[in-house]
Amino acid sequence: MSVNRIASSLIICIAVVIILIYGSSLLIPFVFAWCIWFLVREIKHLLNRIPWINDKVPNWINNLLASIVIFAALGMIGRVLSVNIQSLARSYPQYESNIHHVTDGLNKQFNIDIMRYVNQYAGDLDFGAILSSIFNSISDMLGNAVMILIYVIFIFIEEAFFLPKLKALFSDEKQYDKIYSILVKISDSISHYIGLKTLISIITGTASYIALFIIGIQAPFFWAFLIFLLNYIPTIGSLTATVFPAVFALLQYGEVGPFVYVLVCVGAIQVIMGNIIEPKMMGNSLNISALVTLLSLSFWGALWGVTGMMLSVPITVMMVIIFSHFPATRPIAILLSDKGKV
């Protein structure tokens, strides 16, 4: 590889990263719209498995029904979340004093200054600020709902004219078949991942809601929805989703007991879903190295925050599939893959 080619590749990579950083406010709603499109596509495929729907219902009606279901669910979630967040915001000041009660009890029992050690290694622990940051992130996501909806509508409109445009671009039949094959593989892989991950996240969130409701944690729907969202983040998502409601239980009750109950119950749900159910449902279809998953998580998290972490796996799947179809980039696809098979 010549020096000029290396320099050109570096310049392109830097330019792409700059665009991703400074264009995040426009790109993130667009990427979410694509994810919803993939989810609609997966729901549509499930509907088409029913014989009379596949034979008698037009494709555009399937798209419409799947979209209505998704956006109705999002609207209902938004309203319930708003009530839960307002309830938590009003109640937080009375819970803040409970943490001092707990730490004082632990300090006396074990003769150590817990908060001093926490502050020493983690800085000043301000759970209220952390909670506020979560509220703002979810509010921003819901605030982009109108923009995401507009993007989704235009993606569906564009879908009807995409294949004729692709045929016009690639007049050679072999070249068209190759490009079409790549696009179908990308679409199928991402739709499969997003569909199964959403189903697993819904089951995890629902089971966590039941556990939190029984324990008596305030605003269990909010914490269940947070667990649902964080479940999309590989590796660290399930850990974070377990810790947040457990720490809040400590704030709410001022006792260690509820903290342990939440940690054990929600943690058990995460272990069962993440280590038993999810591997059986997904198998090894994604074909991504575990190390690559962590690196992708870190990279996209640094660029787009929590949103980037949620999207890191679909983006990496897309890269592996695209790179595997071109001789120049095939070695990169092999390095990104799980066992070197692409």
Side-chain angles (χ1 to χ4, degrees), residues 28 31-36 38-40 42-43 66 69-85 87-88 130-131 133-145 148 190-215 217-249 262-263 265-279 281-282 297 300-301 304-314:
I28 289 175
V31 173
F32 267 118
W34 272 110
C35 289
I36 290 174
F38 282 121
L39 188 58
V40 168
E42 192 67 14
I43 294 172
V69 168
I70 290 173
F71 282 104
L74 289 175
M76 183 185 70
I77 288 168
R79 285 195 296 271
V80 177
L81 272 179
S82 177
V83 173
N84 278 249
I85 288 172
S87 173
L88 284 173
I130 296 171
L131 202 60
S133 177
I134 294 172
F135 291 167
N136 291 335
S137 298
I138 294 176
S139 298
D140 289 343
M141 192 183 302
L142 295 174
N144 285 327
I148 293 170
I190 296 176
S191 296
H192 180 70
Y193 170 76
I194 291 176
L196 282 181
K197 195 67 176 177
T198 300
L199 177 61
I200 291 165
S201 297
I202 289 171
I203 296 170
T204 306
T206 303
S208 299
Y209 172 83
I210 294 169
L212 294 171
F213 181 79
I214 292 171
I215 295 169
I217 304 302
Q218 186 184 8
F221 184 87
F222 169 77
W223 298 112
F225 183 72
L226 186 63
I227 290 167
F228 165 81
L229 284 181
L230 291 174
N231 205 56
Y232 283 95
I233 300 175
T235 311
I236 65 170
S238 57
L239 176 64
T240 309
T242 304
V243 170
F244 270 117
V247 173
F248 184 79
V262 173
L263 206 61
C265 292
V266 178
I269 292 167
Q270 293 286 357
V271 169
I272 292 169
M273 294 302 300
N275 296 316
I276 299 174
I277 307 298
E278 186 171 339
M281 291 179 70
M282 286 197 170
L297 182 70
W300 288 101
W304 287 352
V306 175
T307 304
M309 292 180 178
M310 292 168 62
L311 298 171
S312 61
V313 171

Rounded distance [0.5 Å steps], CD1 in Ile269 versus OG1 in Thr206: 10.0 Å

Phe225 and Phe221 aromatic ring geometry - parallel, tilted or perpendicular at 30°/60° bounds: parallel

Minimum heavy-atom distance Ala249-Ile217, with the two atoms named: CB-CD1, 3.5 Å

Nearest heavy atoms of Ile233 and Leu297, plus distance in Å: CG2-CD1, 3.5 Å

Least distance between heavy atoms, Gln270 atom then Ile227 atom: NE2-CG2, 3.4 Å

Side chain proximity check, Thr204 to Phe228, heavy atoms < 4.5 angstrom: no

For the student: nearest non-hydrogen atoms of Val262 and Pro245, plus distance: CG1-C, 3.8 Å

Ser208 and Trp223, any side-chain heavy atoms less than 4.5 Å apart: no

Nearest atoms (heavy-atom pairs only) where Ala224 meets Gly205: CB-O, 3.4 Å

For Cys35 against Leu311, the heavy-atom pair lying closest together: SG-CD2, 3.4 Å

Distance (rounded to the nearest 0.5 Å) between Asn231 CG and Thr240 OG1: 11.0 Å

Point-to-point distance, once rounded to the nearest 0.5 Å, from CZ of Phe248 to CG of Leu212: 10.5 Å

Residues that Tyr209 engages under side-chain hydrogen bond (donor to acceptor under 3.5 Å, both in side chains), provided they are two or more places apart: none

Point-to-point distance, once rounded to the nearest 0.5 Å, from OG1 of Thr198 to CD1 of Ile36: 10.0 Å

